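Just so you know, these numbers come straight off a predicted model, no measurement behind them.
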Amino acid sequence: MLLSRATWRPKEAPNSSAGVFAAVPAASVPTVGSSRTMKIHHIPCLEDNYSYLVIDDATKEAAVVDPVEPEKVVQAAQEHSASIKLVLTTHHHWDHAGGNEKMKELIPGIKVYGGSVDNVKGCTDKVENGDKIALGKDTSILALHTPCHTKGHISFYVTATEGEDPAVFTGDTLFIAGCGKFFEGTAEQMYQSLCVTLGSLPKPTRVYCGHEYTVKNLQFALTVEPDNAKIQQKLSWAQNQRQKGLPTIPSTIAEELETNPFMRADLPEVQERAGCKSPVEALRLIRERKDKWRG
C-alpha cells in the first residue's frame with residue numbers, strides 16, 4: 001500500500017551545480033524497546049548476490065528485495081511462515097530485477113515496486129523519492145532515490161514501530177566499504193546518494209547491500225587509507241567470516257562512515273590521498289582508481 005510522502009530535512013551537496021537536494025526522514029527512527037516487530041533474512045543468490053526477506057512480525061506479511069531467484073525466495077518465506085505481499089526492486093539490472101516476472105507468476109496479484117525512471121522489469125507500482133509503503137502492522141518502507149549506478153536506483157529505508165534499529169537496502173549504490181560503478185550517472189550524483197542521502201540516515205541503521213564484495217572492497221580501501229585501523233580490523237573480521245562461509249552483511253551507516261573511502265570523501269586526508277581538494281572530485285578519482293585496481 002503506497003502512502004503519502006514523508007517529511008524532509010533537505011541538505012545540499014557541495015559543488016552542486018544542479019541544485020540537487022537530499023531527502024532524510026525527519027522522524028523515522030523507531031522507539032527502542034524489547035519487542036521484535038521486523039525480521040530480516042538474507043538469501044544468497046547467483047554467484048554473489050543477496051536477496052532479502054523482510055517480515056512484519058505481527059502479521060507475518062513480507063516484502064522481498066531483489067528476488068532474482070524466485071523459487072529460493074518463496075521457499076525461504078515458507079520456512080519462516082511468512083506471506084509475501086510485495087517486491088522491492090532497487091534497480092533494473094537483470095541480477096536484481098530478473099526474477100520479478102516469475103514472482104508475479106508464483107504469487108498472483110503481488111505488487112512489484114521499482115524506481116519511476118528506472119524501467120524495472122515487471123514493475124506494477126512506480127515509486128519516487130519520499131514515497132512510503134506500508135508492510136503489515138508495524139513496518140514502514142521509505143523510497144530513497146539514490147541515482148548514479150542507474151538513473152532511477154532506489155534504496156529502501158525500513159523502520160519498525162519499536163524494538164529494531166532501522167535498515168536500508170542499498171542495492172548496488174552502497175556496498176560494504178564500496179560503491180557501485182557509475183554506469184548511468186556522475187560523481188556528483190554518487191556523492192549525493194552516498195554521502196548526503198544515505199550518510200544522513202541514523203548511524204545505527206543496518207546496511208544490507210546487493211552483493212558480497214566486502215573483502216575486496218576493504219582490501220582496496222586500505223590502498224586509499226593504509227593507516228586506517230578500522231579498515232584493517234574490519235578486513236580481518238570479513239576474511240574470517242568468509243572463510244567460515246558466513247556473510248558480511250549487515251554493516252551500519254556508522255561503520256561505513258569509518259571504513260568506506262567513498263563515504264569518507266569529505267575528509268581532507270582522503271582528498272589528499274586522492275590528489276584533490278574537493279569531495280566530489282575525490283570520490284570520482286577513487287572510483288576511477290577502483291575501476292582499474294586488480295588487487
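- Contact of the Phe169 side chain with the Val207 side chain is not registered, since no non-hydrogen atoms from C-beta on lie closer than 4.5 Å.
- For the pair Asn100 and Cys123, the minimum side-chain heavy-atom distance is 4.5 Å or more.
- The closest donor-acceptor contact from the side chain of Thr205 to the backbone of Pro202 lies under 3.5 Å.
- Atom CD of Glu47 has 12 or fewer neighbouring heavy atoms from other residues, nucleotides or ligands inside a 6.0 Å radius.
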Discussion item. Pair Phe182, Leu283 - check side chain to side chain contact (heavy atoms under 4.5 Å, CB included), show working.
Written reply: CA-CA 11 Å; Phe182 301 179; Leu283 196 150; 3.2 Å; yes
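- Asp66 and Thr90 are linked by a side-chain donor-acceptor pair at a separation below 3.5 angstrom, with hydrogens and angles left out of the test.
- To the nearest 0.5 Å, the span separating CG on Asp95 from CG on Leu46 amounts to 6.5 Å.
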Item to complete: For the pair Thr89 and Val87, evaluate side chain to side chain contact (heavy atoms under 4.5 Å, CB included) and give the outcome as yes or no after the intermediate values.
Response: CA-CA 6 Å; Thr89 313; Val87 171; 3.7 Å; yes
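- Scanning for side-chain contact (heavy atoms from CB on, under 4.5 Å) contacts around Asp227 gives an empty result, with sequence neighbours left out.
- Val65 and Val73 fall into different hydrophobic clusters, defined by Ile, Leu, Val, Met, Phe, Trp and Tyr side-chain heavy atoms under 4.5 Å apart, directly or through other members.
- Rounding to the nearest 0.5 Å gives a distance of 12.0 Å between CD1 of Ile43 and OH of Tyr50.
- Residues His96 and His149 keep their aromatic ring centres 6.0 Å or farther apart.
- Within a 6.0 Å radius of NZ in Lys137, other residues, nucleotides and ligands contribute 12 heavy atoms or fewer.
- Between His41 and His80, the ring planes are parallel. Angles under 30° get that label, and only those over 60° would be called perpendicular.
- When every heavy atom of Thr146 is checked against every heavy atom of Ile154, the shortest pair comes out as OG1-C, 3.9 Å.
- Each of Leu106, Ile107, Ile84, Val64 was compared with Pro70 under the side-chain contact (heavy atoms from CB on, under 4.5 Å) criterion, and only Leu106 meets it.
- Looking at Glu184, its side chain never comes within 3.5 Å of a backbone N or O of Thr150 through a donor-acceptor pair.
- Within the 6.0 Å centre-distance limit, the rings of Tyr208 and Tyr52 are counted as a close aromatic pair.
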Practice prompt. Output, in order, the C-alpha distance, side-chain angles, deciding distance and verdict of salt bridge (Lys or Arg N to Asp or Glu O under 4.0 Å) for Arg284 and Glu288.
Written response: CA-CA 6 Å; Arg284 184 184 69 79; Glu288 286 182 358; 2.5 Å; yes
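- Of the possible donor and acceptor atoms, none in the side chain of His92 sits under 3.5 Å from a partner among the backbone N and O of Ala97.
- Side chain of Lys216 to main chain of Gly295: a donor-acceptor pair is present (N/O by atom type, distance under 3.5 Å, no hydrogens or angles).
- For the 3.5 Å distance criterion, the side chains of His211 and Asp48 qualify, holding a donor opposite an acceptor.
- A donor-acceptor pair under 3.5 Å is formed between the side chain of Ser278 and the backbone N or O of Glu281.
- Here the shortest heavy-atom pairing between Asn228 and Leu222 reads O-CD2, 4.2 Å.
- Rounding to the nearest 0.5 Å gives a distance of 11.0 Å between CD of Gln75 and CD of Glu69.
- In this structure the side chain of Ile133 reaches within 4.5 angstrom of the side chain of Leu88, judged on heavy atoms.
- Each of Asp56, Ile55, Val54 was evaluated against Met38; a single residue qualifies, Val54, per the side-chain contact (heavy atoms from CB on, under 4.5 Å) test.
- Heavy atoms from other residues, nucleotides or ligands lying under 6.0 Å from CD of Glu269 number more than 12.
- For NZ of Lys121, the number of neighbouring non-hydrogen atoms (other residues, nucleotides, ligands) closer than 6.0 Å is 12 at most.
- Using modelled atom types, no side-chain atom of Arg206 and backbone atom of Thr252 make a donor-acceptor pair closer than 3.5 Å.
- The number of heavy atoms from other shown groups lying within 6.0 Å of NZ (Lys72) is above 12.
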Worksheet item: Does the side chain to side chain contact (heavy atoms under 4.5 Å, CB included) test come out yes or no for Lys244 and Gln239, once each step is laid out?
Response: CA-CA 9 Å; Lys244 294 177 181 177; Gln239 289 171 326; over 6 Å; no
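- We find the CD1-OG distance between Ile231 and Ser236 to be 13.5 Å, quoted to the nearest 0.5 Å.
- For the atom pair CD (Gln241) and CG (Leu246), the distance works out to 5.0 Å, reported to the nearest 0.5 Å.
- Counting only heavy atoms from C-beta outward, the side chains of Met190 and Cys195 never approach each other to under 4.5 Å.
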Practice prompt. Please report the C-alpha distance between Arg242 and Glu212 in whole Å, then the side-chain angles of each, then the deciding distance to 0.1 Å, and finally whether the side chain to side chain contact (heavy atoms under 4.5 Å, CB included) criterion is met.
Written response: CA-CA 10 Å; Arg242 297 309 294 153; Glu212 182 59 69; 3.6 Å; yes
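- The shortest side-chain heavy-atom distance between Ile249 and Cys209 falls under the 4.5 Å cut-off.
- In plain terms, the two heavy atoms of Phe156 and Val127 that are nearest each other are CE2-CG2, 4.5 Å.
- Within the model, atoms CD of Gln192 and NE2 of His145 stand 10.5 Å from one another, a figure rounded to the nearest 0.5 Å.
- No single ILVMFWY cluster, assembled from side-chain heavy atoms under 4.5 Å apart, contains both Tyr213 and Leu174.
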Please set out all donor-acceptor pairs under 3.5 angstrom arising from side-chain atoms of residues 255-264, sequence neighbours excluded.
unit_1	atom_1	unit_2	atom_2	d
Glu255	OE1	Lys234	NZ	2.5
Glu256	OE1	Ala177	N	2.8
Glu256	OE1	Asn260	ND2	3.0
Glu256	OE2	Ser251	OG	2.6
Thr259	OG1	Glu255	O	2.7
Asn260	OD1	Phe262	N	3.0
Asn260	ND2	Phe175	O	3.4
Asn260	ND2	Gly178	O	3.1
Arg264	NE	Glu225	OE2	2.7
Arg264	NH1	Leu257	O	2.9
Arg264	NH1	Glu258	O	3.3
Arg264	NH2	Glu225	OE1	2.9

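- Side-chain contact between Gln271 and Leu267 is absent, with no heavy-atom pair separated by less than 4.5 Å.
- For the pair Leu144/Leu201, a side-chain contact is recorded, criterion being any heavy-atom separation below 4.5 Å from C-beta on.
- Using a 4.5 Å heavy-atom cutoff, the side chains of Ser155 and Leu198 are in contact.
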